Each structure stands twice: as structure tokens, then as C-alpha cells.
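Just so we're clear, the structure is a prediction, and the values are computed from it rather than from any experiment. The figures that follow rest on heavy atoms only: side chains count, while hydrogens, waters and symmetry mates do not.
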Amino acid sequence: CIFLVFRPLEMSAKKRVPFLRQVVSVTKKVHRDPRFDDLSGEYKPEIFMKTYSFLDSIKKQEKEMVQKQLKKCRNMEQKEKLQQLLNRMTQQEQAQKKQQKLRERELSLKRQQRELAKQGKKPFFLKKSEKRKLELAEKYAELKRSGKLESFLSKKRKRNAIKDKRRLPSQK
């Protein structure tokens with residue numbers, strides 16, 4: 001009965017190591033990130049929102065549950081943590097609504113361009129600065145409708161005044 005023992009190959013220290021050594025190649029495990037891999041498909045926000053729309057109702061339920069816990073809670077540390085969690089949830093919700101609005105605005109602009117192209121007109125694409133101006137005008141219209149325009153403008157004036165004071169050289 002012969003036992004085969006696999007051990008590292010012994011090499012003499014007196015001989016020089018050849019430039020091209022025979023090395024056993026190990027198959028490297030290839031990691032793939034589904035966010036950037038073509039095998040996972042293309043990311044389309046509209047399809048993503050439709051597919052995971054059920055999460056909105058779950059988030060709403062969780063938010064209500066946190067609000068109820070916040071009302072019942074007596075411990076100040078716990079109450080503070082719950083308040084932070086609630087604030088984060090509302091901020092995420094607002095950010096999602098803002099992103100949805102932006103996406104809808106871009107889609108409407110694309111539709112208009114398609115209509116104009118069908119009529120035979122040359123497509124015209126807005127610059128980033130013009131898009132920003134439209135967004136600002138829409139924001140002002142929304143604030144005017146809700147009646148919060150004056151408070152918003154006064155806060156903006158105060159912020160700008162503080163910035164101007166910082167930029168001025170100190171007067172000693």
C-alpha cells in the first residue's frame with residue numbers, strides 16, 4: 001500500500017530561481033455587482049417604482065406605529081430616538097415625492113419634444129440652468145399658493161445677509 005503525500009516542492013537555495021517559474025494557476029472567483037452588471041438588466045426607475053409600490057403602504061404603517069409609540073412613550077431617551085426616526089421617515093418620504101415630481105416633469109418635457117418632432121420641428125433640449133429656473137418658478141408658485149412665500153423670502157433674505165456679513169472683511 002503506497003501513500004501519496006502531497007507536500008511543497010523542495011528547491012535548492014544555491015540555484016537561482018528561474019525568471020519564468022512554473023506556478024499552479026488558481027481559478028479566481030469572480031465577484032459580480034448586480035448594480036453594474038449587464039446580466040441583471042437595465043435600471044428603469046418607472047418599472048422599479050411600480051414593482052416595489054407595496055413598500056409605500058408598509059412604510060406608512062410603520063410611520064403610524066412610530067407615531068403611536070411616540071405618544072405612549074415616557075422615557076426621554078427613547079422618545080428622542082423615536083422622534084429622530086420619525087423625522088428621518090418624513091424626510092425620506094419628502095425626498096421620494098420630490099424625486100417623483102422631477103421625474104414626471106422630465107417625462108412631460110420628453111413627451112412635448114416627441115410631439116414637436118412628430119410635427120416636423122427640430123427638437124430643443126433645455127439646459128441645466130433653464131431647468132433650474134423652471135424648477136424655481138414652480139417652487140415659488142407652490143409657495144404662493146400655500147401662502148408661505150413671505151416667510152420663505154424673509155428667511156432667504158436673512159441667510160443672504162449673514163453670508164454677506166461673512167464675506168465682508170472684519171472692521172476693527
Side-chain angles (χ1 to χ4, degrees), residues 1-70 72-73 75-139 142 159 163:
C1 202
I2 299 173
F3 291 103
L4 293 174
V5 178
F6 293 104
R7 59 184 174 194
L9 187 69
E10 291 180 18
M11 297 183 83
S12 171
K14 292 180 181 176
K15 287 184 184 177
R16 288 192 62 168
V17 178
F19 181 70
L20 295 170
R21 236 181 336 171
Q22 291 292 328
V23 180
V24 178
S25 62
V26 180
T27 54
K28 191 175 179 183
K29 191 175 181 183
V30 180
H31 298 284
R32 56 181 209 93
D33 193 342
R35 295 174 297 172
F36 309 112
D37 202 355
D38 291 333
L39 293 171
S40 302
E42 194 177 324
Y43 173 68
K44 294 179 182 173
E46 294 83 26
I47 295 170
F48 182 84
M49 293 300 287
K50 283 180 185 174
T51 310
Y52 294 101
S53 60
F54 66 94
L55 289 176
D56 293 333
S57 60
I58 294 171
K59 283 181 184 178
K60 205 174 198 177
Q61 288 173 352
E62 286 178 351
K63 190 177 174 183
E64 288 170 2
M65 196 169 71
V66 169
Q67 284 173 335
K68 285 178 185 175
Q69 285 180 351
L70 189 66
K72 290 179 183 177
C73 190
N75 189 357
M76 288 305 287
E77 287 180 29
Q78 187 93 20
K79 201 168 192 173
E80 199 172 297
K81 284 181 182 179
L82 286 171
Q83 187 64 46
Q84 286 176 348
L85 179 65
L86 188 65
N87 289 342
R88 191 169 67 232
M89 286 174 146
T90 52
Q91 285 174 351
Q92 284 175 350
E93 196 176 295
Q94 286 171 350
Q96 193 176 12
K97 283 179 183 177
K98 189 177 179 182
Q99 208 167 16
Q100 183 68 26
K101 257 186 184 176
L102 197 120
R103 206 175 291 121
E104 285 174 4
R105 191 180 309 120
E106 285 179 3
L107 281 172
S108 67
L109 285 171
K110 281 183 182 179
R111 280 192 206 107
Q112 286 176 356
Q113 293 304 321
R114 281 196 204 112
E115 290 297 318
L116 290 172
K118 282 180 183 176
Q119 292 172 8
K121 293 180 182 172
K122 194 175 179 183
F124 171 74
F125 300 101
L126 290 172
K127 294 179 196 170
K128 231 180 201 179
S129 60
E130 290 172 351
K131 283 183 184 177
R132 214 176 292 127
K133 283 178 187 174
L134 283 173
E135 194 175 315
L136 195 64
E138 196 173 296
K139 185 178 181 179
E142 179 67 36
R159 257 185 265 135
K163 281 183 187 176

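Within 6.0 Å of the CD atom in Q100, the count of heavy atoms belonging to other residues, nucleotides or ligands exceeds 12. Crowding of E46 atom CD: a count of heavy atoms from other residues, nucleotides or ligands under 6.0 Å exceeding 12. Around the OH atom of Y43, the shell of radius 6.0 Å holds more than 12 heavy atoms that belong to other residues, nucleotides or ligands.
With sequence neighbours left out, the salt bridge (Lys or Arg N to Asp or Glu O under 4.0 Å) criterion links E135 to R105. Applying the salt bridge (Lys or Arg N to Asp or Glu O under 4.0 Å) test to E62 and every residue at least two apart in sequence or in another chain returns nothing. For E106, the side-chain contact (heavy atoms from CB on, under 4.5 Å) criterion is met by L102, not counting sequence neighbours.
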Please table the atom pairs, donor to acceptor, closer than 3.5 Å between any side-chain atom in residues 110-131 and protein atoms at least two apart or in another chain.
from, atom 1, to, atom 2, distance (Å)
Q113, OE1, F124, N, 2.9
Q113, NE2, F124, O, 2.8
E130, OE1, K127, N, 3.4

Under 3.5 Å, sequence neighbours excluded: what are the donor-acceptor pairs made by side chains of residues 87-98?
from, atom 1, to, atom 2, distance (Å)
N87, OD1, Q83, NE2, 3.4
N87, ND2, Q83, O, 3.4
T90, OG1, L86, O, 3.2
T90, OG1, N87, O, 2.7

Result block: side-chain N/O donor-acceptor pairs under 3.5 angstrom for residues 28-37, not counting sequence neighbours:
from, atom 1, to, atom 2, distance (Å)
R32, NH1, D37, OD2, 2.7
D33, OD1, R35, N, 3.2
D33, OD1, R35, NE, 3.2
D33, OD2, R35, NE, 3.2
D33, OD2, R35, NH2, 2.6

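The NZ atom of K81 sits 14.0 Å away from the CG atom of L70 when rounded to the nearest 0.5 Å. Taking CD from E77 and CD from E80, the interatomic distance works out to 8.0 Å, rounded to the nearest 0.5 Å. Separating the CG atom in D56 from the CD atom in Q61 is a distance of 11.5 Å, to the nearest 0.5 Å.
Taking each heavy atom of K79 and C73 in turn, the nearest pair found is N-SG, 3.8 Å.
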